[in-house]
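Data first, discussion second: the structure below is written as structure tokens.
Along the sequence shown, residues carry numbers from 1. Both ligands and their constituent atoms are indexed starting at 1 by order of listing.
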Amino acid sequence: MLGLMQDWPLLVHKIIDHAALYHAQRGVVTRTLEGPIVRTTYREIAIRSRKVAQALDQAGIKEGDRVATLAWNTARHLETWYGITGIGAVYHTINPRLFPEQIAWIANHAEDRVLFFDTTFAPIVAQIAAELPRVKLFIALTDRAHLPEIPVPNLVAYEDFIANANGDFAWRELDERAACGLCYTSGTTGNPKGVLYSHRSNVLLSLMAGGVDGMGVSGRDTILPVVPMFHANAWGLAFLAPMIGANLVMPGAKLDGTSICELLETERVTMTAAVPTVWLGLLQYLEASGKQLPHLRRVVIGGSAAPRSMIETFETKYGVEVIHAWGMTEMSPLGTLGTLKPGLEEQPYPRQLEYKVKQGRPLFGVELKLVGDDGRELARDGKTFGRLKVRGPAIAKGYFRGEGASAFDDEGWFDTGDVATLDEDGYMTITDRAKDVIKSGGEWISSIEIENLAVSHPAVAEAAVIGVHHPKWDERPLLIVVLKQGATATRDEILDHLSGKIAKWWMPDDVVFVDSIAHTATGKIQKLELRKSFANYRLPGVA
Ligand code: AMP
């Protein structure tokens with residue numbers, strides 16, 4: 001017997017309609033690429049999204065067509081998402097930090113029909129436009145006065161494009177399982193793979209993430225997503241904020257510590273989210289300038305492990321609560337969030353920190369398990385490492401065009417490629433990406449844990465640990481360090497700092513100082529590159 005409740009499809013454009021009606025005066029503040037700070041309400045965004053939908057419809061874009069965006073976080077970018085999805089087309093966010101050849105490859109693989117782009121990326125578009133035969137319209141997210149002069153056919157300014165539409169347009173009736181968004185994973189090995197979100201998965205993720213023990217935001221918050229919309233849906237914030245009526249502050253192209261601090265201050269931002277490298281920049285700026293963060297209450301850190309020292313600095317020096325989060329593009333992207341369980345709040349702070357450093361516990365709708373090499377499930381004892389598998393309604397069940405099928409098993413589990421532990425309370429700790437794991441004498445060493453400790457040394461800005469060949473142990477850890485500007489430290493000082501805090505056999509065999517460490521397009525340390533650079537590194541004592 002079926003229930004007698006309504007089949008109200010979970011469609012993302014219902015979010016902007018809700019916001020227009022019930023949070024009409026809340027909205028989006030954008031640091032525009034043209035320069036000025038511009039304010040828009042959700043009511044205006046809903047109207048302009050309909051114009052985008054109508055104009056795309058008039059341009060012949062059909063349900064299921066992919067429409068690419070190569071853009072920063074701005075109100076216009078948000079309007080394109082709601083407009084594209086409102087006609088049943090699929091917004092395809094492309095990471096502009098990729099090489100132009102990769103961008104062209106991805107746009108062709110996705111068979112994008114239209115490309116919305118920010119003027120910052122005009123040189124990229126000029127370079128690749130001829131290689132994108134399927135793109136019939138290039139739309140610069142600006143007005144006619146700022147239209148870049150590039151030799152690209154069918155180039156139009158966004159404001160002109162939507163000026164042709166009157167906004168009298170009804171959203172399409174769609175199946176909630178219809179494709180809605182497309183985002184390619186960074187693909188450190190092999191070609192990037194497309195994750196195809198549905199309306200249902202995007203709405204569910206927002207509902208899942210919205211709770212107090214999720215992102216912990218309400219309609220009274222002002223949220224600054226530094227995390228780009230091209231990095232896995234801006235972690236759901238572009239849907240969650242209008243859903244609950246929180247204001248959004250969009251930073252545009254300026255993501256440096258000074259610019260972010262300025263927005264946090266002038267817009268009285270209460271919650272923000274980004275990868276650790278962004279916070280490294282902000283904390284360095286705060287330290288140098290002596291500024292405080294009087295309005296900010298909460299920061300979500302994910303994408304890479306948040307070091308203990310970073311969490312502690314935010315919380316104790318600036319009074320900002322840190323929520324450490326883990327997820328993946330394939331998970332819409334949130335999986336776990338590090339909020340405290342009952343009883344932990346009364347514990348002394350150092351004990352709480354032990355939990356905050358972990359990657360958190362699963363949201364409802366995220367199943368986690370650890371498996372060994374034989375595929376059998378491992379203990380949830382907080383000690384046993386295994387490959388982390390996940391399952392849930394906002395998690396991919398395959399990649400676009402059937403690629404990477406081996407990551408999905410018959411029981412619907414997706415292999416994250418992460419190695420982790422799970423404790424009895426459900427807190428998960430990532431040890432490494434499986435391909436970054438260091439195997440010494442047959443035992444695993446966690447690079448993340450050593451990196452975490454290394455950056456707690458006052459002179460260290462950033463650290464990476466990689467496995468280097470060793471004749472006896474197969475691999476031994478090498479610690480690569482970037483020092484803070486003007487700071488000094490020796491190899492032995494760094495090793496002394498680690499000594500006693502990790503098992504003796506985890507101690508790096510050597511420390512190398514470098515000026516900078518390269519990051520991927522989504523802000524992760526490029527371990528593959530480091531391993532290549534140090535492939536012939538000879539550890540002390542090795543002949
Ligand atoms: P992406 O799809 O670009 O978001 O990358 C997902 C991967 O980033 C995960 O599989 C993890 O390896 C890594 N990751 C994300 N969040 C964290 C975190 N809090 N700590 C450690 N690694 C993380």
Side-chain angles (χ1 to χ4, degrees), residues 93-95 97-98 102 106 181-189 192-197 205 209 215 225-237 273-279 299-308 310-311 322-339 355-363 366 368 370 385-390 394-396 399 404 407 414-422 427-437 446-452 455 463-465 519-528:
T93 48
I94 305 185
N95 188 331
R97 296 181 182 134
L98 296 171
Q102 291 172 308
I106 288 174
L182 179 64
C183 181
Y184 281 70
T185 58
S186 20
T188 39
T189 52
K193 292 189 266 307
V195 179
L196 191 58
Y197 307 111
L205 194 274
M215 296 276 223
V226 186
V227 55
M229 291 165 74
F230 56 75
H231 184 192
N233 282 337
W235 301 352
L237 292 169
V275 295
T277 45
V278 166
W279 302 130
V299 52
V300 175
I301 308 180
S304 296
R308 179 188 301 257
M310 182 177 279
I311 300 175
V322 171
I323 300 183
H324 190 185
W326 165 86
M328 302 183 76
T329 305
E330 290 87 337
M331 301 177 73
S332 295
L334 295 174
T336 57
L337 287 159
T339 52
Y355 282 87
K356 287 170 182 267
V357 173
K358 292 170 184 270
Q359 273 70 13
R361 55 201 173 93
L363 295 167
V366 177
L368 304 177
L370 298 176
F385 301 1
R387 281 185 88 100
L388 181 63
K389 289 196 166 196
V390 294
I395 296 174
Y399 287 109
F414 166 66
D415 185 339
T416 62
D418 284 331
V419 175
T421 64
L422 272 172
Y427 283 97
M428 187 269 289
T429 305
I430 301 259
T431 316
D432 262 308
R433 285 297 287 165
K435 57 185 184 308
D436 295 334
V437 142
S446 166
S447 64
I448 293 183
E449 200 166 328
I450 307 175
E451 287 158 6
N452 237 320
V455 292
V465 176
H519 293 94
T520 66
T522 50
K524 300 181 210 311
I525 289 177
Q526 281 196 347
K527 292 258 172 112
L528 199 67

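- Nearest approach of I525 to A463, heavy atoms of both residues: CD1-O, 3.5 Å.
- Annotation: side chain of V195 is not in contact with side chain of Y184 (no heavy-atom distance under 4.5 Å).
- One N or O on the side chain of R361 and one on the backbone of T339 form a donor-acceptor pair closer than 3.5 Å.
- Between D418 and R433, at least one side-chain nitrogen of the basic residue sits less than 4.0 Å from a carboxylate oxygen of the acidic one, meeting the salt-bridge criterion.
- Near ligand 1, H231, G303, S304, A305, H324, A325, W326, G327, M328, T329, Q359, D418, R433, T522, K524 each place a heavy atom less than 4.0 angstrom from the ligand.
- Between the side chain of S332 and the backbone N or O of A394, at least one donor-acceptor pair lies under 3.5 Å.
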Full working for side-chain contact (heavy atoms from CB on, under 4.5 Å) between V437 and T431 = CA-CA 8 Å; V437 142; T431 316; 5.5 Å; no
